[in-house]
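Below: one structure, written as structure tokens.
Values below: every heavy atom of this structure, side chains too, minus hydrogens, waters and symmetry copies. Note that ligands are numbered from 1 as they come in the structure, with each ligand's atoms numbered from 1 the same way. None of these values were measured; they are calculated from a predicted model.
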Amino acid sequence: MTQDQLKQAVAQAAVDHILPHLDSKSIVGVGTGSTANFFIDALARHKADFDGAVASSEATAQRLKQHGIPVYDLNTVSELEFYVDGADETNEHLQLIKGGGAALTREKIVAAVAKTFICIADGSKLVPVLGAFPLPVEVIPMARSHVARQLVKLGGDPVYREGVLTDNGNIILDVHNLRIVDPMGLEAQINAIVGVVTNGLFAARPADLLLLGTGEGVKTLRR
Ligand code: 5RP
């Protein structure tokens, strides 16, 4: 199976998982990236069975609208049963690195509100220790050099993601060469640096369910 076929399989598995719980009032939280796009396309086939969605990025909002799925501002939504999103890396505790698509801050906000966070990923994303994928950090533009110096003190090699501005108007530093043995601790430490909006570690709020695409089918891991 190709990586795209694995992504498609987990996207469909997520739809199959949430569908029995949806009704005409349900709002679904939707992530960002190629796996999330497969999820949107699969979800759209059932758009008559739920009310609408909250999007974690402008790109996702646009794709949802193209399918005719209403997109709500998170502030107007009182309850979000499910958030479905991909990841750049996951460990067996369902702690994640996210932000490859620069949407980490909005993704973290929607994940914080949702009762159940379902992560969908192809099998290559499961790693024993997080950090081979450079950790994205969203930073207020004027704080770029300050934050980079602090990240070096933490043992990382920050690289400015050239030409990228987040949906919030900020820049991304990708931190290379981290071996993240304490994801919760590092998430808090980086978020405490002045000028950081948030970082792509999802450890304080990990996924609740991981649907992992493998050659032997979709595996389900729970926290
Ligand atoms: C975007 C993300 C994505 O979930 C992550 O980059 C995985 O993307 P893909 O599904 O394309 O592999 O965090 O900010």
Pair Lys125-Glu89, side chain to side chain contact (heavy atoms under 4.5 Å, CB included): steps then yes or no:
CA-CA 5 Å; Lys125 307 284 181 73; Glu89 276 186 354; 5.7 Å; no
Please lay out, stage by stage, how His67 and Asp41 fare under the test side chain to side chain contact (heavy atoms under 4.5 Å, CB included).
CA-CA 8 Å; His67 278 297; Asp41 298 346; 2.8 Å; yes
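As a member of the Ile/Leu/Val/Met/Phe/Trp/Tyr network built from side-chain separations under 4.5 Å, Met1 groups with Leu6.
Among residue pairs with one or both ends in residues 104-138, those qualifying as ring pair (Phe, Tyr, Trp, His ring centres under 6.0 Å) are Tyr83-Phe117; sequence neighbours excluded.
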Show me, pair by pair, the donor-acceptor contacts under 3.5 angstrom made by side chains of residues 139-151, not counting sequence neighbours?
none

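Side-chain N or O atoms of Lys98 include none that pairs as donor or acceptor with a backbone N or O of Glu107 at under 3.5 Å.
Under 4.0 Å from any atom of ligand 1, one finds heavy atoms of residues Lys7, Thr32, Gly33, Ser34, Thr35, Asp85, Gly86, Ala87, Asp88, Lys98, Gly99, Gly100, Gly101, Ala102, Ala103, Glu107, Lys125.
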